[in-house]
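Sharing a structure here in structure tokens format.
Here is how names work: the chains are called A, B, and so on, in the same order as the sequence lines, proteins then strands, and each is numbered from 1. Not measured: the values here are computed from a predicted model.
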There are 2 protein chains.
Amino acid sequence: MPDTADSGSATLARLRRELARGTAELAVLSILGTGRRYGYDLMKTLQQAGEGVLEIKEGTLYPLLHRLEDAGHITAVWEADGRARPRKYYAITPSGRDHLRLLRTEWSGLVNGMRDLLDALEEEAT
Amino acid sequence: MPDTADSGSATLARLRRELARGTAELAVLSILGTGRRYGYDLMKTLQQAGEGVLEIKEGTLYPLLHRLEDAGHITAVWEADGRARPRKYYAITPSGRDHLRLLRTEWSGLVNGMRDLLDALEEEAT
DNA sequence: CCCGATACCTTGCGCGACAAGGCATCGGGT
DNA sequence: ACCCGATGCCTTGTCGCGCAAGGTATCGGG
């Protein structure tokens, strides 16, 4: 029955999505910075981290991993072990570590910039 | 002569843009939360705030203001004063203040989530 | 025996940021 | 007198991420 009168929460999802834009790359690369992982595992990990604010969907994750691989930031290997359904494990490369450093710098710059702006406005309101 | 071999900084602008996605609305609405402003002034203010990380371009700002106005979050009035070239002043509405609160909540949720993730990964690396 | 979880993938759409363009006014420098 | 940069507003077209929705296949439990 959510038909009309939904204009708030329907917008919330989009708002959240737009705000989080670009953070998927940082989150994924950060996790891979601590060790190799396969895609589905990354997805599940991010679903639980930070109350789900960093959750990314399959349609986002897999293309992202392919972009990172094409850019040379990560490498992929299929691993079957004993299982019939093999997993694709990703590992970060030196270039990927450089990129991760850059991303972290940009992210904290943005966070600090926004914090400074909001703080300045609060002072002003005094 | 920047022709090839530029693949680093050309990407940086896009990266920065994607990360900052959605923050323009928060920044603009925050400023308007402290008093009325006209568009060009908002642009100049954001250019200087936080070493330019929050800078937004004309092609972003004006459509954004129109979206906010359509949504009822801000109102606009042309003001001529004595000048020949009038300015369009924007002021936040009660609905806009609600929206601003929501945006700030979402933003800090994202920032905290990312901080928690990065902290957890650092611990893990111990 | 079927369904949900695991595990990978793709195509098409929505939407914000921007480049690049346009229009008009005003002040200062030459 | 003239031009140019800053002021001040606007629009159209393109780019690229995130996602919904769909597809394929295996495996375990009810």
Side-chain angles (χ1 to χ4, degrees), chain A residues 10-29 37-48 52-71 76-90 103 106 110, chain B residues 10-29 37-48 52-71 76-90 103 106 110:
Chain A
T11 310
L12 178 59
R14 184 174 65 245
L15 187 158
R16 200 168 258 168
R17 198 163 63 227
E18 294 300 333
L19 260 192
R21 190 81 164 235
T23 55
E25 194 171 324
L26 171 56
V28 164
L29 220 43
R37 301 269 196 133
Y38 59 97
Y40 196 78
D41 184 28
L42 284 168
M43 209 181 63
K44 290 299 171 186
T45 299
L46 288 174
Q47 266 178 21
Q48 294 165 350
V53 280
L54 298 177
E55 176 181 356
I56 63 180
K57 306 301 171 56
E58 295 187 276
T60 303
L61 177 63
Y62 291 115
L64 169 60
L65 289 171
H66 298 160
R67 283 198 304 274
L68 289 172
E69 192 184 0
D70 288 346
V77 281
W78 283 103
E79 208 135 314
D81 260 323
R83 65 178 62 243
R85 184 96 194 106
R87 293 164 172 168
K88 203 172 180 181
Y89 279 88
Y90 290 94
L103 272 170
E106 289 301 322
L110 177 63
Chain B
T11 311
L12 178 59
R14 185 173 65 243
L15 187 158
R16 199 169 258 166
R17 198 162 65 227
E18 293 300 334
L19 261 190
R21 191 78 166 237
T23 56
E25 193 171 324
L26 171 56
V28 164
L29 220 44
R37 301 269 195 134
Y38 59 98
Y40 196 79
D41 185 26
L42 284 167
M43 210 182 59
K44 290 299 171 186
T45 299
L46 288 174
Q47 265 177 22
Q48 294 165 351
V53 281
L54 298 177
E55 176 181 355
I56 62 179
K57 307 299 171 55
E58 294 186 279
T60 302
L61 177 63
Y62 291 115
L64 169 60
L65 288 171
H66 298 161
R67 282 198 304 274
L68 289 172
E69 192 184 0
D70 289 345
V77 281
W78 283 102
E79 208 136 312
D81 262 321
R83 65 178 61 243
R85 184 97 196 105
R87 292 164 171 168
K88 203 171 179 181
Y89 279 87
Y90 290 95
L103 272 170
E106 289 300 322
L110 178 63

Taking all heavy atoms of A:L19 and all of B:L103, pick out the closest pair and write down the distance. CD1-O, 4.2 Å
Report yes if some heavy atom in the side chain of A:W78 is under 4.5 Å from a heavy atom in the side chain of A:Y38; otherwise report no. no
At under 4.0 Å between heavy atoms, what does B:R87 touch on the DNA or RNA strands: base, sugar-phosphate, or nothing?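 Here B:R87 touches the backbone only, sparing every base.
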If each of B:R21 and B:Y89 is mapped to the nucleotide of DNA chain D with the nearest heavy atom, which maps nearer the 5' terminus, i.e. the 5' end? B:Y89
A:R21/B:E18 salt bridge by N-O under 4.0 Å criterion: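 Salt bridge flag = yes for A:R21 with B:E18.
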Remember a base hit wins even if backbone is also touched, and classify B:R85 as base, sugar-phosphate or nothing at under 4.0 Å, heavy atoms.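 Contact class for B:R85: base.
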Regarding A:R16, tell me which of base, sugar-phosphate or nothing describes its non-hydrogen contacts under 4.0 Å with the strands shown.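 Result for A:R16 = nothing.
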Go through the steps for A:E69 and A:Y90 under the test side-chain contact (heavy atoms from CB on, under 4.5 Å), then give the verdict. CA-CA 9 Å; A:E69 192 184 0; A:Y90 290 94; 4.2 Å; yes
For the helix from C:dC1-D:dG30 to C:dT30-D:dA1, what is the angle between the axes at its two ends, each from 5 pairs, rounded to 10°? 10°
Between B:A27 and B:L46, which heavy-atom pair has the shortest distance, and what is it?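 Closest pair (atom of B:A27, atom of B:L46, distance): CB-CD2, 3.9 Å.
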Bounds of contact between DNA chain D and chain B, in 5' to 3' order, using a heavy-atom cut-off under 4.0 Å: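 First and last nucleotides in contact are D:dT7 to D:dC17.
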Would you mind classifying the nucleic acid contact of B:R17 as base, sugar-phosphate or nothing, using non-hydrogen atoms under 4.0 angstrom? sugar-phosphate
Determine the contact category for A:G39: base if any of its heavy atoms lies under 4.0 Å from a base atom, sugar-phosphate if only primed atoms, P, OP1 or OP2 are that close, otherwise nothing.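 A:G39: backbone/sugar contact only, no base atoms under 4.0 Å.
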Using a heavy-atom cut-off of under 4.0 Å over every strand shown, decide if A:E58 touches base, sugar-phosphate, or nothing.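 Contact class for A:E58: base.
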Contact nearer the 5' end of DNA chain C, comparing A:P86 with A:P63: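 By nearest-heavy-atom nucleotide position, the 5'-most residue is A:P86.
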Spacing of B:E25 atom CD and B:T23 atom OG1 [to the nearest 0.5 Å]: 10.0 Å
Hey, are the side chains of B:T45 and B:R37 touching, using non-hydrogen atoms and a 4.5 Å cut-off?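 With C-beta onward as the side chain, the pair touches.
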Below 4.0 Å from chain B heavy atoms, what is the first contacting nucleotide of DNA chain C and what is the last?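 Range of nucleotides touched by chain B: C:dC15 to C:dC26.
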Which residue lies more 5' along DNA chain C, comparing A:R83 with B:A24 via nearest heavy atoms: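 Here A:R83 is the residue nearer the 5' end.
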Output the distance between atom CG (A:D41) and atom NZ (A:K88), rounded to the nearest 0.5 Å. 15.5 Å
Do A:E106 and B:L12 have side-chain heavy atoms sitting under 4.5 Å apart?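 With C-beta onward as the side chain, the pair touches.
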Nearest heavy-atom approach of B:L54 to A:L110 is CD2-CD1, 3.8 Å
Calculate, to the nearest 0.5 Å, the distance between atoms CD and CD belonging to A:E55 and A:Q47 respectively. 4.5 Å
